[in-house]
Amino acid sequence: MTAAGADTDATFGERHRLLNVAYRLLGSLTEAEDAVQEAYARWYALPPGRRREVRAPGAWLTTVTGRICLDLLGSARARRERYVGAWLPEPLPGPLSAGLPAGLSEPLSDRAGSADLADLIVLDESVAMAFLVVLESMTPAERVAFVLHDVFRYSFAEIAAVLDRTPAACKQLASSARRRVGAAPAPATPTARADTVRRVKEAWQSRDIAALVAVLDPAAVMTADGGGLVGTVLRPVAGGALIAQYMLAVADRAPGMELLECPVNGAPGLVARRDGVVLTVAAFDVADGRVTGIWVVRNPEKLRPWAR
């Protein structure tokens, strides 16, 4: 193998990790892929002699990807101020080998394009929709420091190279971000989550408002993202009773809608589709057997990994 070929193989092997970092930083699979592609473009734009001088190409690519994400996070705030309604992270399908309901043997996606990218994301608590929404409340620098240190275990010296700050300043940023996360309750077990989400599905399908209210926490909040491209509520709906009324009103206006239990960002969720086309993906936060939060993504641009 030539030196150039070895260089290509070594750096390409970093793509999986970089994509995982970028998705957690940006909450968008599309933007994450763009950031990683830009980092590689900058790497290959270096003169060959300069590339050979880089002792740790993976660290170089991480630093550049982090800086690109930092810039995107800064500009994203302005874009999201113009966004129609609430902005939610892009939901990810799978892992499709787990959590599929009986009778659903076919994947919801043809696994092409953005679906293939979704397969590269490691699905754990750090991509849970509730966690990604909390990350949105952080400043760009806090988010970078927190994700790189607390999720990916980078040292503050390494993070300092991304943020162009001292390691001590980066440590303070991560600490501030950690306070925003707060003392989160212990997550429900996968079985408990799946059972609770199944109760929501069954109550919705049977139009049983009493059962739906019973499975929703009285203080539950539902947030929906249509991006102005499809109809949905523009502001969060607060309160289990109001959420139940809204969900049943949607059911009455959605003849032929098929509701499926499917993993969303690695946790039990629901997917609504008509004629084989996914129209809505819903993620849930569950505590003590009740739903405390629902994140509904209807923006078709965010559902590409789910498209058949």
Side-chain angles (χ1 to χ4, degrees), residues 1-80 87 89-90 92 112-122 126-127 132 135-136 138-167 169-171 173-174 177 301-302 304-305:
M1 180 179 294
T2 65
D7 171 74
T8 299
D9 288 347
T11 55
F12 188 76
E14 299 290 333
R15 181 171 178 264
H16 185 179
R17 180 179 56 81
L18 295 173
L19 189 62
N20 273 271
V21 170
Y23 174 73
R24 286 160 176 81
L25 289 178
L26 299 171
S28 165
L29 187 60
T30 304
E31 291 184 353
E33 171 67 356
D34 289 345
V36 173
Q37 294 281 39
E38 174 61 21
Y40 275 103
R42 295 185 188 184
W43 170 256
Y44 288 112
L46 293 175
R50 176 69 183 92
R51 287 206 301 270
R52 286 193 294 269
E53 292 173 358
V54 178
R55 303 179 68 177
W60 190 97
L61 285 165
T62 299
T63 298
V64 173
T65 300
R67 288 175 177 169
I68 293 169
C69 290
L70 186 65
D71 290 342
L72 288 172
L73 286 170
S75 61
R77 291 201 162 195
R79 294 198 308 273
R80 289 169 192 172
W87 186 96
E90 290 182 16
L92 299 177
S114 58
D116 290 334
L117 293 177
D119 286 340
L120 298 178
I121 303 296
V122 175
S126 68
V127 295
L132 293 176
L135 292 180
E136 285 295 312
M138 300 177 184
T139 68
E142 285 176 338
R143 186 166 182 168
V144 170
F146 177 77
V147 168
L148 289 182
H149 182 265
D150 285 44
V151 177
F152 290 96
R153 302 302 177 190
Y154 284 92
S155 70
F156 288 117
E158 293 170 306
I159 297 168
V162 176
L163 295 178
D164 195 22
R165 305 191 187 197
T166 65
C170 294
K171 185 175 182 179
L173 286 168
E301 293 181 350
K302 296 185 177 182
R304 289 169 182 163

Tell me which one of Asp71, Leu72, Leu70 satisfies side chain to side chain contact (heavy atoms under 4.5 Å, CB included) with Ile68. Leu72

side-chain hydrogen bond (donor to acceptor under 3.5 Å, both in side chains) with Gln37: which residues, sequence neighbours excluded? Glu33

Search all heavy atoms of Ala161 against all heavy atoms of Thr63 and return the closest pair with its distance. O-CG2, 3.7 Å

Is there a side-chain contact (heavy atoms from CB on, under 4.5 Å) between Glu14 and Trp60 once you walk through the steps? CA-CA 11 Å; Glu14 299 290 333; Trp60 190 97; over 6 Å; no

For Arg79, is the CZ atom crowded, meaning more than 12 foreign heavy atoms sit under 6.0 Å from it? yes

Test your reading of the model: is there a side-chain donor-acceptor pair from Arg50 to the backbone of Ala45, 3.5 Å cut-off? no

Taking the inter-plane angle between the rings of Tyr44 and Tyr40 on a 0 to 90° scale, is it parallel (under 30°), tilted (30 to 60°) or perpendicular (over 60°)? parallel

Please determine whether side-chain contact (heavy atoms from CB on, under 4.5 Å) holds for the pair Glu142 and Leu73, giving the CA-CA distance in whole Å, both sets of side-chain angles, and the decisive distance to 0.1 Å. CA-CA 11 Å; Glu142 285 176 338; Leu73 286 170; over 6 Å; no

Determine the minimum heavy-atom distance between Leu132 and Pro89, stating which atoms define it. CB-CG, 3.7 Å

Rounded to the nearest 0.5 Å, what separates atom CG in Leu163 from atom SG in Cys170? 4.5 Å

Please walk me through it: do Phe146 and Leu173 pass side-chain contact (heavy atoms from CB on, under 4.5 Å)? CA-CA 7 Å; Phe146 177 77; Leu173 286 168; over 6 Å; no

Please report the C-alpha distance between Leu92 and Leu29 in whole Å, then the side-chain angles of each, then the deciding distance to 0.1 Å, and finally whether the side-chain contact (heavy atoms from CB on, under 4.5 Å) criterion is met. CA-CA 8 Å; Leu92 299 177; Leu29 187 60; 4.0 Å; yes

Heavy-atom pair of closest approach, residues Arg67 and Val162: CG-O, 3.3 Å

Please list all pairs meeting salt bridge (charged side-chain N to carboxylate O under 4.0 Å, His left out) that have one or both residues in residues 146-167, counting only residues at least two apart or in different chains. Asp150-Arg178

Between Trp43 and Val64, is any pair of side-chain heavy atoms under 4.5 Å apart? no

Is a donor on one side and an acceptor on the other found under 3.5 Å between the side chain of Arg143 and the backbone of Met138? no

Compare every heavy atom of Val36 with every heavy atom of Thr65, then report the nearest pair and how far apart it is. CG2-CG2, 4.4 Å

side-chain hydrogen bond (donor to acceptor under 3.5 Å, both in side chains) partner of Ser28, chosen from Glu90, Lys302, Glu301: Glu90

Exercise: identify the closest heavy-atom pair between Leu61 and Ala39: CD2-O, 3.8 Å

Heavy-atom distance under 4.5 Å between the side chains of Thr62 and Phe152, does that happen here? no

Starting at SG of Cys69, measure out to CG of Leu18 and round the result to the nearest 0.5 Å. 9.0 Å

Would you name the heavy atoms of Ala174 and Phe156 that are closest together and state the gap between them? CB-CE2, 3.8 Å

